[in-house]
*Asks:* 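I have a structure I would like to understand better, so I am pasting it below and will then ask my questions one at a time.
Only heavy atoms go into these numbers, but all of them, side chains included; no hydrogens, no water, no symmetry mates.
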2 protein chains.
Amino acid sequence: MAETTPNTYTISELAKEFNITTRAIRFYEDKGILNPSRKGQKRIYSPRDRILLKLTLRGKRIGFTLAESQKLFDMYQHGEDNKDQLETMLATLDEKDALLTQQKLDIEEMEAELQAARERCFSAIKKIDNA
Amino acid sequence: MAETTPNTYTISELAKEFNITTRAIRFYEDKGILNPSRKGQKRIYSPRDRILLKLTLRGKRIGFTLAESQKLFDMYQHGEDNKDQLETMLATLDEKDALLTQQKLDIEEMEAELQAARERCFSAIKKIDNA
DNA sequence: GTTTACCTTTACGTTAACGTCAACCTTGAG
DNA sequence: CTCAAGGTTGACGTTAACGTAAAGGTAAAC
C-alpha cells in the first residue's frame, strides 16, 4: 500500500500546516467551529476538523467572520430535514454570492489602480536615477 | 452649460450616498484619511475627499484596513521625490497584489462550494416537497 | 529523576472600527 | 422668537479575533 494520509493531527501540526497559532485553533473550538476528540486531556483532530479549519481560513481571507463560517457549516450539517432552515440557507448563500461578485469587481478595480500606481512609481524612480 | 457636478458635499450627503454613518466619516478624518475644510465649524468635503472615501470603502470591502488604505494614499501623494519611499511603495503594492490574487482564487473556490451547497439545498427541498 | 517539549485551562489585555450617548452650536422656517 | 433639523466635540461602550501571561499536567529523553 502507498502512503496513507494520517487520520489524526495534533494541535501543533495543524498550527504549523496553516501557519496559525494553537491559540487560534482553540479559539475556533470555543466558537463551535471545530470539535476535536480527546485522548486524555489532549485534543485530537480528525481530517474533517482539518477541512473545516481550512475552509474557515479561506473564509477569513475573503472577509467572512468566524460566526458566518460557523453558520454555514452548521446549516450544511443539520439542515437536511427542515425546509425553513434550508430556505434560510439558500437565502444566505445567495447573499454571500452577491458579496463575492461585488468583491471580484472591487478586486479588479483595485488591481488596475495598483498597476497605475506601480507605473507612476517606476517612472518616478527612473526620473530620479536619470537626474 | 450642462449640469456641473457639485464641488462640495456636506457630511450627511456623503453619508447618504455611500450608506454609512456620519460617525464613520468623522472617524476616517481622525485616522487621517479625509481632510475636509471648514465653513465655520461645519465640515465641507471636496470631490477629492469623496474619491478618497470611495476608495477607502472599496478597500474595506476587500479586506484592507483603514491604516493600509491611508498608507497607500499617503505614499501616493508624498512619495514623488524620495526613492526609498517609492521602493517601499512598490513592495507594498506587490504584496497587496499577491493578496488580491490569492483572494480571487479563494473567491472562486468559495463560489464553487456555495454552488454545491445550493444544489444540495434544492434537492433536499424537492425531497421534502415530494414526501 | 529531572529536564525538555508540548499540552492544558483560566483569564485579563489589545486593536480596529465604529456605536452610542451627552451636551452644545446654528440656522432657516414659521 | 422659538424650534426642529442638522452639525460639532468629547468620551465611554462594544464586538471580533485573537495575544499574552500564569500555573500547571504529562511523557519521552537523557
*Asks:* Quick test of your reading of the model: are A:E29 and A:R38 salt-bridged, counting only N-O distances below 4.0 Å?
*Replies:* yes

*Asks:* Using the side chain to side chain contact (heavy atoms under 4.5 Å, CB included) rule, take B:Y45 and B:L34 through it: C-alpha gap first, then chi angles, then the decisive distance, then the call.
*Replies:* CA-CA 9 Å; B:Y45 296 88; B:L34 303 179; 4.2 Å; yes

*Asks:* Atom CD1 of B:I20 and atom P of C:dC18: how far apart are they, to the nearest Å?
*Replies:* 8 Å

*Asks:* Measure the distance from NZ on B:K16 to C1' on D:dA5 and round it to the nearest whole Å.
*Replies:* 11 Å

*Asks:* Quick one: A:D30 CG to D:dA16 C1', roughly how many Å, whole number?
*Replies:* 13 Å

*Asks:* Answer with base, sugar-phosphate or nothing: what part of the nucleic acid does A:K60 contact at a heavy-atom distance below 4.0 Å?
*Replies:* sugar-phosphate

*Asks:* Among D:dT9, D:dC18, C:dT27, which nucleotide has an atom closest to any side-chain atom of B:K42?
*Replies:* C:dT27

*Asks:* Tell me: NZ of B:K31 to P of C:dA17, nearest whole Å?
*Replies:* 7 Å

*Asks:* Can you find a side chain N or O atom of B:T21 that sits less than 4.0 Å from OP1 or OP2 on C:dC18?
*Replies:* no

*Asks:* Tell me what B:T10 touches on the nucleic acid: a base, only sugar-phosphate, or nothing, going by heavy atoms under 4.0 Å.
*Replies:* sugar-phosphate

*Asks:* Hey, does the side-chain of B:R23 have a donor or acceptor N/O within less than 3.5 Å of a partner on the base of C:dT20?
*Replies:* yes

*Asks:* Give a yes or no on whether a salt bridge exists between B:E111 and A:K104, defined as a side-chain N under 4.0 angstrom from a carboxylate O.
*Replies:* yes

*Asks:* Give the rounded distance in Å between these two atoms: CZ of B:F27 and P of D:dT9.
*Replies:* 15 Å

*Asks:* To the side chain of A:Y28, which of C:dC7, C:dA16, D:dC18 is closest?
*Replies:* D:dC18

*Asks:* A:L14 has an atom CG; how far is it from atom C1' of C:dC7, in whole Å?
*Replies:* 14 Å

*Asks:* Would B:R118 and A:D97 satisfy side chain to side chain contact (heavy atoms under 4.5 Å, CB included), going step by step from the backbone distance to the final call?
*Replies:* CA-CA 11 Å; B:R118 198 193 317 271; A:D97 210 44; 3.6 Å; yes

*Asks:* We want to know whether B:Q115 and B:E119 form a side-chain donor-acceptor pair, criterion being a heavy-atom distance below 3.5 angstrom.
*Replies:* yes

*Asks:* For D:dT8 and B:R43 - does any side-chain N or O of the residue sit under 4.0 Å from the phosphate oxygens OP1/OP2?
*Replies:* yes

*Asks:* In terms of side-chain heavy atoms of B:I11, which of D:dA17, D:dG7, C:dA17 is nearest?
*Replies:* D:dG7

*Asks:* May I have the distance from A:Q41 (atom CD) to C:dC6 (atom C1'), rounded to whole angstrom?
*Replies:* 11 Å

*Asks:* Nearest to the side chain of B:R26, heavy atoms from C-beta on, is which of C:dT8, D:dA17, D:dT8?
*Replies:* D:dT8

*Asks:* Could you check which of C:dC7, C:dC18, C:dA16 has an atom nearest any side-chain atom of A:S12?
*Replies:* C:dC7

*Asks:* Over how many whole Å does the gap from A:Y45 atom OH to C:dC6 atom P extend?
*Replies:* 16 Å

